[in-house]
Amino acid sequence: MEPPVTLRPLQLADLGRVDQLLREPQVARWWTSDTTAERELERFRRRLVEPAETATRMYAVELGGTLVGWCQWYRWQDYPSEAAAVGAGRGEVGADYAVGDPGAIARGVGTRMVAALVSEIWRHEPLAGLLVAPQAANTASRRVLEKNGFLLVEVRPVSTEPHNRPMAIYRLGPPPAS
Ligand SMILES: CC(C)(COP(=O)(O)OP(=O)(O)OC[C@H]1O[C@@H](n2cnc3c(N)ncnc32)[C@H](O)[C@@H]1OP(=O)(O)O)[C@@H](O)C(=O)NCCC(=O)NCCS
């Protein structure tokens with residue numbers, strides 16, 4: 001049986017491992033193509049050192065208790081320029097994620113991570129819709145969204161991105177009323 005995929009709040013002590021995962025080619029290709037691992041790590045570090053100053057919540061992704069990736073979510077309204085450019089609606093939430101451990105990729109971990117992240121977001125924001133926009137060429141990222149019920153809305157460049165490559169904009173509605 002596959003070990004469980006779980007999320008827990010990311011901690012400063014995790015950043016050494018996250019640094020390694022960020023530099024794995026399959027992550028670097030998408031996550032640091034327009035920046036550097038050092039800059040990203042510094043952004044992560046600042047969020048963890050000053051949690052009150054950040055609108056982004058970060059999590060370690062564990063497979064059977066081993067850190068294999070990370071993910072994060074935020075309210076688009078806390079990033080108004082980006083929200084306007086991507087077309088985020090009132091109250092919508094955005095998310096980003098990575099599975100970096102080469103032994104963990106392409107075996108369903110990313111799909112289960114996104115399911116866990118959606119549950120976590122709805123625990124905090126029960127009425128929120130989600131809007132997530134990977135690069136259109138990022139097939140694996142698109143598939144993990146599609147396999148979790150996200151629907152493709154639009155494919156186009158987004159002016160606040162540091163590049164002009166098309167983004168695939170996906171939405172998942174608020175949770176069904178129980
Ligand atoms: C996106 C990511 C989290 C997917 O994680 P994963 O654990 O490999 O995903 P899964 O095993 O759940 O696979 C999901 C789907 O993606 C497909 N897939 C996985 N790796 C792929 C690749 N390199 N190219 C094309 N498709 C791929 C799988 O075949 C599966 O689709 P299928 O069911 O139609 O066969 C992982 O590839 C990753 O971290 N990528 C780098 C960071 C990134 O792109 N983050 C997203 C930025 S928005």
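Just follow the structure's listing: the first ligand is 1, and inside any ligand the first atom is 1.
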Practice task
Give a yes or no on whether the backbone of Ala115 and the side-chain of Ser119 come within a donor-acceptor separation of less than 3.5 Å.
Solution key: yes

Exercise for the section: Give a yes or no answer on whether the side chain of Arg142 reaches the backbone of Ala136 with a donor-acceptor pair at less than 3.5 Å. Expected result: yes

Practice task
Apply the side-chain contact (heavy atoms from CB on, under 4.5 Å) test between Leu21 and each candidate in Val27, Val68, Leu67; give the one that qualifies.
Solution key: Leu67

Exercise for the section: For the pair Glu42 and Arg46, find out whether any cationic side-chain nitrogen is under 4.0 Å from an anionic carboxylate oxygen. Expected result: yes

Handout entry: Within the 4.0 Å heavy-atom sphere of ligand 1, strictly under, residues
Key = Gln26, Val27, Trp30, Tyr97, Ala98, Val99, Ile105, Ala106, Arg107, Gly108, Val109, Gly110, Thr111, Met113, Pro134, Asn138, Thr139, Ala140, Ser141, Arg143, Val144, Lys147

Handout entry: Steps toward ring pair (Phe, Tyr, Trp, His ring centres under 6.0 Å) verdict (Trp73, Trp122)
Key = CA-CA 11 Å; Trp73 68 271; Trp122 281 343; over 10 Å; no

Practice task
Pick out which of Val155, Leu152, Val86 makes a side-chain contact (heavy atoms from CB on, under 4.5 Å) with Ile169.
Solution key: Val86

